Amino acid sequence: MSEVVHPLDGWYSLHDFRAIDWNAWKSLTAQERARAEDELYTLLGKYQSTEDQKQGSTAFYSIVGQKADFVFMHLRETLEELNELETEFNKTMFAQVTIPTYSYVSVVELGAYMAKPGTDPMQDPDVVARLKPILPKAGHICFYPMNKKREGNDNWYMLPAEDRRNFMRGHGMIGRNYAGKVKQIIGGSIGLDDWEWGVTLFADDALQFKRIVHEMRFDETSARFGEFGDFYVGNLLNQEKMASMLKL
Ligand code: VOV
């Protein structure tokens with residue numbers, strides 16, 4: 001058996017993608033719409049205070065295209081809290097005019113390939129901050145799930161740890177060229193959801209998503225071993241932007 005390199009795990013993550021049923025929204029009275037918006041903004045306020053207390057973090061983005069209209073990306077200490085958030089939202093009047101289109105469950109993860117031997121990474125405040133991150137308020141989000149291939153000679157899981165370490169070093173070198181332009185949150189989801197990782201990228205310039213994913217496709221780690229699911233891309237939302245989106 002190849003050596004298992006266990007990643008470090010941080011906050012649990014839920015991506016909750018929803019479409020808006022515009023006919024249902026339009027059929028509400030102005031009073032009902034006001035109540036629905038009020039409930040939604042109260043929840044946004046709650047998410048913000050959880051974040052202020054560093055007990056979790058939530059990103060709220062619109063989604064461009066027909067896969068969804070918006071996404072909540074929640075990070076919390078436990079899977080129970082994620083479940084409660086989901087249920088709390090589902091009980092609101094606003095949720096009645098939304099249609100769940102996709103969701104993704106994972107745990108914020110840092111690979112241990114580059115860890116210094118003999119040190120406890122969980123004692124390093126920088127490591128802990130990356131495992132329990134406050135999500136950036138960047139202009140754009142890009143989410144996609146991915147696997148590492150398990151086919152014939154291209155079986156990631158059969159490679160010696162040293163080879164995997166070298167591949168990840170190459171991957172990290174490309175990533176470093178995007179420092180300050182793209183922030184990545186890698187959610188490990190083996191045993192939690194349908195793919196092995198959920199990749200969430202944040203950037204102020206959405207073109208940087210295209211550039212980094214394109215460049216990585218030529219790197220052997222992704223070229224040989226990467227398998228990708230659907231891509232979701234969108235724009236930062238807040239109460240003001242949501243109010244203008246919902247205005248009839
Ligand atoms: C913004 C840039 C960026 C940077 C700096 C970066 C760096 C790094 C480092 C240093 C490490 C961990 C190595 C270790 O110490 O273990 C990783 C780990 C990982 N990455 Fe990454 N990644 C980036 C960006 C980045 C992107 C754009 C993608 C999608 C790939 C693509 O083709 O679309 C990705 C994927 C991953 C994954 C799935 C893992 C886990 C793989 C595993 O097998 O565990 N990642 N990543």
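Each ligand, and each atom within it, is numbered from 1 in the order the structure gives. None of these values were measured; they are calculated from a predicted model.
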Review point. Would one find more than 12 heavy atoms of other residues, nucleotides or ligands at under 6.0 Å from atom CG of N153?
Key: no
**Study point:** Geometric cation-pi criterion, R164 with F225: 6.0 Å, 45°
**Key:** no
Check your understanding: Does atom CZ of R224 have more than 12 heavy-atom neighbours from other groups under 6.0 Å away?
Key -> yes
Check your understanding: Should you measure from each heavy atom of G175, which atoms of ligand 1 turn up under 4.0 Å away?
Key -> 2 (C), 3 (C), 4 (C), 5 (C)
Check your understanding: Counting heavy atoms not belonging to K137, are there more than 12 under 6.0 Å from its NZ?
Key -> yes
Review point. Going by heavy atoms, is G226 under 4.0 Å from ligand 1?
Key: no
**Study point:** Numbered atoms of ligand 1 (with element) below 4.0 Å of K148, judged on heavy atoms
**Key:** 41 (C), 42 (C), 43 (O)
Point to revise | For I212, atoms of ligand 1 separated by under 4.0 Å from a heavy atom | key: 1 (C), 2 (C)
Check your understanding: Does some side-chain heavy atom of T221 sit less than 4.5 Å from a side-chain heavy atom of I174?
Key -> no
**Study point:** NZ (K149) with more than 12 external heavy atoms under 6.0 Å
**Key:** yes
Exercise for review: Specify side chain, backbone, both or neither for H171, according to which of its non-hydrogen atoms lie closer than 4.0 Å to ligand 1.
Suggested key: side chain
Practice item. Check each atom of ligand 1 against the heavy atoms of R176 and keep those under 4.0 Å away; list them by number with element. Key: 5 (C)
Revision key, fill the gap. Numbered in order shown, the ligand 1 atoms found under 4.0 Å of a heavy atom of W156 are 43 (O)
Check your understanding: For ligand 1, does M146 get within less than 4.0 Å through its side chain, its backbone, both, or neither, judged by non-hydrogen atoms?
Key -> side chain
Review point. So, Q184 versus Y178: side-chain donor-acceptor pair below 3.5 Å or not?
Key: no
Study note, to complete from the structure: Looking only at non-hydrogen atoms, the one of F202, Y144, W197, F231 nearest atom 44 (O) of ligand 1 is W197
Study note, to complete from the structure: Near F228 (heavy-atom distance under 4.0 Å), the atoms of ligand 1 are 31 (C), 32 (O), 33 (O)
Practice item. Run the numbers for me: atoms of ligand 1, each under 4.0 Å from some heavy atom of A112, listed by number. Key: 16 (O)
**Study point:** Any N/O pair S222/ligand 1 closer than 3.5 Å
**Key:** yes
Check your understanding: Pick from H74, M73, E51: which one makes a side-chain contact (heavy atoms from CB on, under 4.5 Å) with S57?
Key -> E51
